[in-house]
Structure formats: structure tokens, C-alpha cells
Amino acid sequence: MPETIYDCLIIGAGPAGLGAGLYASRGNLKTLILEKGIVGGQLQVTAEIENYPGMDHMTGPQISDAMEAQTKRFGCDIVTNAAVDKVDLEAQPKVITTKEGNVYKAKTVIISSGSEHRKLGVPGEEELSGKGVSYCAVCDGAFFKNRKLAVIGGGSSAVEEGSFLTKYASSVTLIHRRDELRAERILQNRFLNNQKTDVIWDTVVEKINGDMLGVTSLSLKNSKTGETSDFPCEGVFIYVGLDPNTQYLEGKLKIDGAGKVITNERMETNIPGVFAAGDIRNTPLKQAVTAASDGSLAATIAIGYVESLEPVLEAH
């Protein structure tokens, strides 16, 4: 049986990967997406999306499912539970190996492995993860009915997910290290005008306290006065940024100091035939719509790259 060599292999099935898969497969490339978890990426843990054009007030999972179905309709293959472990991007075809030991080969690779929630790195966080410490309001919010909750962060994700948690919690207190929020104004207004919400300004979490049953309180410190306090709560949701999933790419292509893959405006990396799209890049706007746009452009350029290879491949 002849070895399968894909025209385009995409790492990650978030909005960037699905957008790339749609355009690549629709462009008649034999396309495969490898996803280490579930299809959709950050979309699957987003409660409501109201700024994706044409999809007003849809949930992240609904948009993810629609994108997946559309991508598959054009013949794109998607393999889940396929965490990439090693890559040989200089080879032609390029070689991708998963942690399960499966080896895939492709003429082009689009890296869209996205990012994951950054940890606070304080005592108690790891020990109480899943026992009151969470990074996903959509996943875990329903477990905290009538509980007093804290949300750590000041960006759009923290504020939006904090508003979502008011559906379940008795109260939601946002703890932010600065004296103003970075979230979109409409999200700020929605959160601040909710009777169940409160904000503790200029404050950082030094420790998450708990027992066998879960989180009991947070040890806080005012970043301006140095004053310490104990904040009783029964759950804490952490939204302090995202870190790119680029560990498997170290030493394989150019990455900046923040761990982001460096590309030009055509999504091209420093290696011919290798592209990057979505949150994995240093992009000023980390949204599903821009990620899908990145993926679509990367696939379009990849199509041209594959076509340029055809005479060379045929000669061999």
C-alpha cells in the first residue's frame, strides 16, 4: 500500500485550523488536521460569542460544530487525541510525529496549535485544580450554584466569563492587579452593572487556600499598599492570559521571546512550506474571526506552494 503524503497537514483544530482546513480542502488539497484535544479549541470553552460576523448570540460550541461540519464537507480529515511530539519541517515531505507514535507526512504544514490558559503559579493552584480552581466557566460554572466565586484577571475573557458565572453563583468578585480593566467597554458595563458582581482593585492572589472539599479562600495582597487580607470563596476562575502551544517547535523554526511563531503577512514562517495561523502568532487581536482569517490565508498561500512543487515532484 503506497505511503500517504498529504498536501497540507494542519496542527490544531481551533478556528484557525478549521479555517485553514476549509480553504485547503476546498482548494483540492488532500488535507489532514491533527488535534490533541477536542475540535474547536478556545471556542469550546466560550459561553457566548456576539462579535463573530453573522453569528450573533451563538455559543462557542455551536460555532465550532458548524465550522467542523463545513470543513469536513469538503473532504478534510480530522484526527483527535493526536498531540504532536516531534516535527521535521526541513524535510520534503515534512514529517510530523505524535506522542502516540503515529507518523504523518505532508508537502506543507500549517501550525495552528493555539494557546492555553496561563497559570497564576501560586501555592494551592495546582493542588486544588479541579477542586474549585478552574480556567473554564462554561465547563465548570454549573458546579457552583449559589456559591461565592472569585475571577482573577481584567481582560475581556475574565470579565465576560465572570458575567456568565452570575447565572449560577450567589456572587462573583473580580480581582484585578490594576486599577482599571482592559476588557471591551461593553463587557465591562455588563459586568459592573450586574447586582451579583464586585471588583477588588490593585490586588494580586498570593495563595489559594482549601481543604479536602475544595477552595475555601484566597490570600490577597494590595499591590499599592502591601496590605494583606483573606477573601473567603468557594471557587476561583483564572483568566490571566494565554501561553502559545509551541513547546514542540523549539529549535525547529523562528519563535519570538514570548513563544510566538514569527510570520510575515502571508502567514509564512522562515521555513518554506511551513505556515502559522491564529493565537500561535504575535497578533494584536486574539479572536475567533481573526484566527479563522489567518488560517484561510495560510491555506490559500499553501495551495500556491503545493502547485509550485508539482513539476519538481513529478520529475522524481
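Reckoned from all heavy atoms, side chains included, excluding hydrogens, waters and symmetry mates.
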Counting only heavy atoms from other residues, nucleotides and ligands, does the tally under 6.0 Å from [atom1] of [X] exceed 12?
X: Ile186; atom1: CD1; answer: no
X: Tyr23; atom1: OH; answer: no
X: Lys131; atom1: NZ; answer: no
X: Asn194; atom1: CG; answer: yes
X: Glu227; atom1: CD; answer: no

So, [X] side chain and [Y] main chain: donor-acceptor pair closer than 3.5 Å or not?
X: Ser170; Y: Arg147; answer: yes
X: Lys196; Y: Ala169; answer: yes
X: Lys145; Y: Ala142; answer: no
X: Ser64; Y: Val39; answer: yes
X: Ser129; Y: Glu126; answer: no
X: Thr246; Y: Leu249; answer: no
X: Glu268; Y: Asn264; answer: no
X: Gln188; Y: Ala183; answer: yes
X: Gln70; Y: Met67; answer: no
X: Ser157; Y: Gly155; answer: no

Hey, are the side chains of [X] and [Y] touching, using non-hydrogen atoms and a 4.5 Å cut-off?
X: Thr228; Y: Lys221; value: yes
X: Val240; Y: His176; value: no
X: Leu89; Y: Ile96; value: yes
X: Ile49; Y: Leu43; value: yes
X: Pro244; Y: Val261; value: no
X: Val205; Y: Leu220; value: yes
X: Asp140; Y: Phe237; value: yes
X: Ile262; Y: Asn282; value: no

- Do Ile11 and Ile280 pass the side chain to side chain contact (heavy atoms under 4.5 Å, CB included) test, and can you show the C-alpha distance, the side-chain angles, and the key distance before you say yes or no? CA-CA 11 Å; Ile11 303 174; Ile280 204 95; over 6 Å; no
Would a hydrophobic clustering, with Ile, Leu, Val, Met, Phe, Trp and Tyr connected at side-chain separations under 4.5 Å, put [X] with [Y]?
X: Ile175; Y: Leu165; result: no
X: Ile301; Y: Ile110; result: yes
X: Val87; Y: Leu9; result: yes
X: Leu174; Y: Ile238; result: no
X: Val133; Y: Ile200; result: yes

Quick one: pull up [atom1] in [X] and [atom2] in [Y] and give me the separation to the nearest 0.5 Å.
X: Leu149; Y: Phe144; atom1: CG; atom2: CZ; answer: 6.5 Å
X: Ser293; Y: Gln287; atom1: OG; atom2: CD; answer: 12.5 Å
X: Glu68; Y: Leu22; atom1: CD; atom2: CG; answer: 12.5 Å
X: Trp201; Y: Glu180; atom1: CH2; atom2: CD; answer: 8.0 Å
X: Leu242; Y: Glu116; atom1: CG; atom2: CD; answer: 9.0 Å
X: Ile63; Y: Thr46; atom1: CD1; atom2: OG1; answer: 9.0 Å

For [X] and [Y], which heavy atoms make the closest approach, and how far apart are they?
X: Tyr305; Y: Gln92; result: OH-NE2, 3.6 Å
X: Ser156; Y: Leu187; result: CB-CD1, 3.7 Å
X: Asp179; Y: Lys224; result: OD2-NZ, 3.4 Å
X: Ala106; Y: Cys8; result: CB-C, 4.4 Å
X: Ala277; Y: Ala298; result: CB-CB, 4.5 Å
X: Lys94; Y: Pro272; result: NZ-O, 3.2 Å

Residues passing the ring-ring contact (aromatic ring centres under 6.0 Å, His included) test with Tyr104, sequence neighbours excluded, are none
Residues 101-151 vs disulfide (SG to SG under 2.5 Å), sequence neighbours excluded, gives Cys136-Cys139
The residue among Thr97, Asn102, Thr98 that forms side-chain hydrogen bond (donor to acceptor under 3.5 Å, both in side chains) with Glu100 is Thr98
TODO: Decide yes or no on side chain to side chain contact (heavy atoms under 4.5 Å, CB included) for Val109 and Ile111, but give the supporting numbers first.
DONE: CA-CA 6 Å; Val109 172; Ile111 301 165; 4.1 Å; yes
Would you kindly check if the NZ (Lys) or CZ (Arg) of Lys119 is within the cone defined by 45 degrees around the ring axis of Tyr135 and under 6.0 Å from the six-membered ring centre?
yes
Query raised in the report: Under 6.0 Å from the six-membered ring centre of Phe231 and within 45° of its axis: does the NZ or CZ of Lys148 meet both?
Result: yes
Residue set satisfying salt bridge (Lys or Arg N to Asp or Glu O under 4.0 Å) with Lys105, at least two apart, ordered chain then number -> Glu3
Check the side chains of Asn209 and Thr216 for a donor-acceptor pair under 3.5 angstrom, ignoring hydrogens and angles. no
- Task: State whether a side-chain donor-acceptor pair under 3.5 Å links Arg281 with Thr263.
- Result: yes
Verify salt bridge (Lys or Arg N to Asp or Glu O under 4.0 Å) between Lys107 and Asp7, making sure each step is shown before the conclusion.
CA-CA 5 Å; Lys107 300 172 187 175; Asp7 293 316; 3.0 Å; yes
Test Gln247 against Asp85 for side chain to side chain contact (heavy atoms under 4.5 Å, CB included), laying out the working first.
-> CA-CA 9 Å; Gln247 299 86 349; Asp85 184 41; over 6 Å; no
Report task. Test side chain to side chain contact (heavy atoms under 4.5 Å, CB included) on Ser113 and Tyr248 and set out the steps. Result -> CA-CA 10 Å; Ser113 44; Tyr248 65 97; 2.8 Å; yes
